[in-house]
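Let me begin by presenting the structure, written as structure tokens, before commenting on it.
Convention: sequence-line order gives letters A, B, ...; per-chain numbering from 1.
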Amino acid sequence: MDAPASALYSPTFFLQHGRFSITALAVEVAASAPAPRIPRTKNQALSTKNFSTVMSDVRVRFAPSPTGFFHIGSARTALFNWLYARHTGGTFVLRIEDTDSVRNTPEALQALLDGMRWLGLDWDEGPEKGGEFGPYFQSERTGIYEDYLARLTAAGRTYEQDGAVFFKLLGERYVEFDKYKNAEIEKVRSEPVVVDDAVRGHVERVVDQDFVIRRSNGDFGFHFVNVVDDLAMKITHVIRGEDHLSNTARHIELYKAFGATPPVFAHIPLILKSDGRGKMSKRESGALIEEYVSRHFLAEAVRNYLCLLGWNPKDDREIMPIGEIIERFDFAGINKDGARFDEQKLAHMNTEYLRALPLETFTWMATPVLEAAGLVDEAADEDYVQAVLGLCQPKARSLETMPELVVPFFKEEIEIDPAAREKIFKKGDPTARLAELLPALENTTEWTEASLEAAFGAVAEANGQKPTMYFPIARLAVSGQGGGVPLFGLLAVLGRDRVLDRMKAFS
RNA sequence: GUCCCCAUCGUCUAGUCAGGUCUAGGACACUGGAUUUUCAUUCCAGCGACCGGGGUUCGAAUCCCCGUGGGGACGCCA
């Protein structure tokens with residue numbers, strides 16, 4: 001944060017260092033939104049326009065298996081691949097590993113594609129998009145696998161056993177008792193495979209057992225199809241979770257058997273549980289993208305947080321427009337150790353993004369949430385809604401909690417919060433204060449924040465009280481709550497009739 | 001059990017590759033103040049870490065070794 005004094009107030013400084021650049025984010029979000037007040041759809045695409053990239057030969061892919069929901073770890077892997085493609089001006093391929101026909105359903109695929117779109121991860125080749133290296137569903141690529149298998153067989157690198165096809169390693173064979181498998185296993189003394197990982201550096205591992213590339217039911221195995229597809233689709237960089245690091249040696253053996261040069265591998269750290277042991281599993285709270293969609297998180301915030309889970313720009317920047325992240329994203333900034341998932345920090349980022357939104361956009365996003373809560377309907381006065389939300393935005397923590405904040409504005413029958421009520425009554429009878437307030441408010445000709453504030457001041461003075469004496473009482477009577485939006489904004493927006501009625505009704 | 005990867009505040013991390021500027025910086029969380037005459041805003045401060053032990057060196061968070069701890073892989077799952 002050290003900057004020469006002269007640079008302190010330059011726009012550049014703000015853009016590079018300050019939270020001020022959050023305005024740029026807001027603009028970005030706004031730009032991605034359709035015209036204000038059109039109901040927000042779930043799959044609002046996030047704009048990634050407005051930054052220049054140079055085309056390159058880089059080809060990366062995200063290859064999920066659509067077995068249910070969109071896991072946060074998968075999303076982060078997709079995100080890193082996407083970032084790298086956009087950073088290099090390369091191509092981002094989406095390939096669906098749907099070889100397991102039992103677990104893969106159309107709904108699962110839809111959930112995945114929706115999640116990708118929600119996060120703004122657009123793919124250049126893949127489902128619904130096509131491309132010259134298709135098909136992009138593994139279930140439709142059997143012919144290709146047959147061809148590649150034939151090549152391996154022709155080279156004498158396969159054999160059949162129990163109806164399955166095995167990949168045959170090169171090297172001297174011996175039999176050993178394996179404690180883990182609790183059986184005698186045939187092993188191979190093979191040369192260590194070297195992986196020059198873009199994140200982890202030089203890694204060596206020995207593959208000492210032949211492995212299945214085609215199951216006895218005819219399905220091709222993961223290692224085989226993965227390598228064949230990456231080869232056939234001319235993938236140049238494989239960015240995936242560290243759980244695949246030990247598989248990589250096997251994959252490289254296959255590349256070598258095909259006489260091909262392996263792609264660059266980049267193994268990214270795993271996302272670990274918030275507490276407890278091990279990696280984040282789908283059962284963990286907060287593990288699924290769907291959860292953030294349904295809780296009305298801002299996709300930009302989730303994406304920004306995910307970018308920082310395992311990668312960082314090496315300075316103290318955290319909240320950044322996606323264009324800046326794309327510009328700065330590189331393997332050098334990727335960490336090696338697993339990162340625990342911190343929902344609180346995500347929530348904080350979400351709040352920051354929410355507050356930075358232009359009011360129009362904020363209104364456009366919050367309205368459906370209020371509708372879902374039954375507070376607002378089609379007939380609602382748009383100006384009133386926007387006035388209310390204008391009051392709320394600076395105080396809002398999340399869209400999810402907006403309804404409880406705005407209840408007094410949209411429900412005629414307010415409920416008095418017992419705890420807040422008790423706090424007030426402990427300090428003396430509030431109805432006496434209200435009685436002092438009422439005539440003054442009834443006589444207030446103007447109904448603005450300023451005039452109301454003046455009226456409160458006059459009442460306080462006339463009764464020898466501090467104005468603060470009246471504030472919490474008025475708030476409780478009018479909203480039923482002990483906290484919330486600023487008092488005079490509350491009174492002004494609520495309007496004279498409602499305020500007076502509620503004060504009179506309060507007991 | 002075997003192999004691979006990793007190791008800085010409670011959490012995410014900067015600093016490590018090219019050892020000194022690190023009495024270790026930032027963010028979240030937490031605690032305490034201030035300001036906002038009310039408030040779920042804002043500001044400030046505090047708390048708080050180099051896993052342990054050996055080396056190498058004038059000097060180590062940074063390099064080496066050994067422990068320990070954490071993570072992952074070892075399927076006819078992907």
- Message: Under a 4.0 Å threshold between the charged nitrogen and the carboxylate oxygen, would A:Lys345 count as salt-bridged to A:Glu318?
- Response: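 Salt bridge: yes.
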Would you say [X] reaches [N]'s phosphate, i.e. side-chain N/O to OP1/OP2 under 4.0 Å?
X: A:Arg355; N: B:U42; result: yes
X: A:Lys279; N: B:A73; result: yes
X: A:Lys314; N: B:A14; result: yes
X: A:Arg277; N: B:G70; result: yes
X: A:Arg215; N: B:C77; result: yes
X: A:Lys345; N: B:A29; result: no

- ring pair (Phe, Tyr, Trp, His ring centres under 6.0 Å) against A:Phe410, all qualifying residues, sequence neighbours excluded: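 Once residues adjacent in sequence are excluded, the partners of A:Phe410 under the ring pair (Phe, Tyr, Trp, His ring centres under 6.0 Å) criterion are A:Tyr384.
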- Under 3.5 Å: donor-acceptor pair, side chain of A:Thr444, backbone of A:Trp447: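 It does not hold such a pair.
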Are any protein N/O atoms closer than 3.5 Å to N/O atoms in nucleotides 19-24 of chain B? If there are, list each pair with its distance.
none

- Message: Test of understanding: with side chain to side chain contact (heavy atoms under 4.5 Å, CB included), list the residues that count as partners of A:Ser479, not counting sequence neighbours.
- Response: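 Checked A:Ser479 against side chain to side chain contact (heavy atoms under 4.5 Å, CB included); matches are A:Pro408, A:Arg475, A:Gln481, A:Leu490.
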- Message: Using ring centroids (six-membered ring only for Trp), state whether A:Trp311 and A:Phe329 fall under 6.0 Å.
- Response: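 Between A:Phe329 and A:Trp311, the centre distance is under 6.0 Å.
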Indicate, with a heavy-atom threshold strictly under 4.0 Å, whether [X] touches base, sugar-phosphate, or nothing.
X: A:Pro467; answer: base
X: A:Asn335; answer: sugar-phosphate
X: A:His244; answer: base

- Would you kindly give the OH-to-P distance between A:Tyr180 and B:A73, to the nearest whole Å?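 Checked: the OH to P distance equals 9 Å.
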- Between B:C9 atom P and A:Asp337 atom CG, what is the distance in whole Å?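 Whole-Å distance recorded here is 10 Å.
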Across all strands shown, which nucleotide pairs with [N] by Watson-Crick or G-U wobble geometry, both distances under 3.5 Å?
N: B:A7; value: B:U68
N: B:A73; value: B:U2
N: B:G20; value: B:C58

- Task: Would you mind telling me which residue lines up with the more 5' stretch of RNA chain B, A:Arg340 or A:Gly278, judged by nearest nucleotide?
- Result: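 First, find each residue's nearest nucleotide; the 5'-ward one identifies A:Arg340.
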- Item | Nearest-nucleotide 5' precedence on RNA chain B, A:Leu309 against A:Thr401 |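 So the residue in question is A:Leu309.
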- Message: Is the positively charged end of A:Arg355 above the ring of A:Tyr353, judged by distance under 6.0 angstrom from the centroid and angle within 45° of the axis?
- Response: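 So A:Arg355 doesn't make the cation-pi contact.
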- Query: According to the interplanar angle, ranging from 0 to 90°, do the rings of A:Phe341 and A:Tyr305 count as parallel (below 30°), tilted (30 to 60°) or perpendicular (above 60°)?
  - Reply: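 Rings of A:Phe341 and A:Tyr305: perpendicular, as their planes differ by over 60°.
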